[in-house]
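One structure is given below, encoded as structure tokens.
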Amino acid sequence: MSERSEQAKQPGMTSHSPLWEVFVRARRGLSHTHVGSLHAPDAELALRNARDLYTRRQEGVSIWVVPAGAITASSPDEKDAFFDPAADKVYRHPTFYEVPDGVAHL
Amino acid sequence: MYGNDFSAPNGATDEASGGLLGEVEAAEAELRAAAARGRRGGPAPDEDLAAYFAEVVDAEQKIEPRDWMPDAYRRTLIRQIAQHAHSEIIGMQPEGNWISRAPSLKRKAILLAKVQDEAGHGLYLYAAAETLGISRDELVQLLLDGRQKYSSIFNYPTLSWADVGAIGWLVDGAAIVNQVPLCRCSYGPYARAMIRVCKEESFHQRQGYEILHTLAHGTPAQQAMAQDSVDRWWYPSLAMFGPPDGDSTHSAQSMAWKIKRFSNDDLRQRFVDMCVQQAEILGLRIPDADLRWNDERQAYDYTQPDYDELMQVISGDGPCNRERMAHRRAAHADGAWVREAAAAYAAKRAGQKETVAA
Ligand SMILES: [Fe+2]
Ligand SMILES: [Fe+2]
């Protein structure tokens, strides 16, 4: 509920309240995960709104809010081309290599 | 894991909601599995976009905001998600009326939490609609201008405390039956929002059931109040599933796009079949003399709701349509100074930061 579509390049710049993307760390040891978005006039209110909207049942121990406009996306649509350079480099994976029988700790 | 979840008396709803909650979890697992399966990115430069879209949908993969999609798919989703969001927001009113009159502090705290959840549902859904390229301001305006609808059910009045129970049991119950299949909707942001919503809804249904159970086992006056509320809310709840399949205009296309998974009548039947046993345990009567088990169909035969009444309510002439809209418009207007003050404060602070930086 967050990533803007092509048609929403100016992400929901409503008159008073820009759009913020919300990331929540669910528990110690986990990374922050994108959970959704909300509108708020400033960062402080965005944090408070995020607490009330996305962690009403103790779903998090830490919240990040990021202005949606500050996010640069890899490509206007989810085209393959941008990721093509990685597609033909199977030798980057350990499974590419044949290990002679009997070799240990490799 | 949800703080306010308590077990239902005699385990009556445990099985049924457990089944539905199980489906929500299955939908979540399916979503992850589909993501793991599908390594497909966007279309190749020369690929036919419509064919690409169909292939993704057929493979049970999610359509994401930046994907190409048919205009009609986008329009259908905006309409459906927006109307869903409006329903959550307007839906706070009938129950909100009872917050100040809840019979105990515990009930008041629970009802506040429930109504706050509904506000949250509205906001998740507005955010999902916004990923399709419409702004929040436009969505709010469409509701205030009456150009987009909300669920007909919220145009009925809450006359007694028992109605808060009947709404939780029947209205939230019907909403869950409707929404659980939407957890598997082909549009990713909507499916993810619905998973979140459905998990919260099961508390709503259970708290309503518990209210009715308490009343139905109370004094004769309390029992009568509980029965009266079920009598009034039963048919409007059946009508929440929409017109019968023959008259449902958008259904076939939505099924093909995997926005919708089951027909209106299938979902309505499912709801009736669930409620019969739950009503028995409440000791309350479902107001339908023709309700009986049909061995052949392995389902209950039941009386259809009054669809003329449904159409009348949808077109603006229900018992509370004007009141609900007037209240929403007033609340929006009364909140204007808060929005303006917060914006002015944010602008002032941003100005101060720039001065410091300079
Ligand atoms: Fe809800
Ligand atoms: Fe609810």
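Chain identifiers are assigned alphabetically (A, B, ...) following the order of the sequence lines, protein sequences preceding nucleic acid strands; residue numbering begins at 1 within each chain.
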Check the pair A:D42, B:K348 against salt bridge (Lys or Arg N to Asp or Glu O under 4.0 Å), reporting the backbone distance first and the verdict last. CA-CA 11 Å; A:D42 59 27; B:K348 189 176 107 187; over 6 Å; no
Counting N and O atoms only, with roles assigned by atom type, does the side chain of B:Y124 sit under 3.5 Å from a partner on the main chain of A:L53, one being a donor and the other an acceptor? yes
Looking at B:R329, I want to see if its CZ is surrounded by more than 12 non-hydrogen atoms of other residues, nucleotides or ligands under 6.0 Å. yes
Do A:R57 and B:D117 have side chains that approach each other closer than 4.5 Å (heavy atoms only, starting at C-beta)? yes
Using modelled atom types only, decide if a donor and an acceptor are shared between the side chain of B:R192 and the backbone of A:G36 within a distance under 3.5 Å. no
Is it the backbone or the side chain of B:Q116 that comes under 4.5 Å from a heavy atom of chain A, or both, or neither? both
Quick one: closest heavy-atom pair of A:A73 and B:R66, and the distance? CB-NH2, 3.1 Å
Minimum heavy-atom distance between A:P41 and B:A346, given as atom pair plus value: O-CB, 3.5 Å
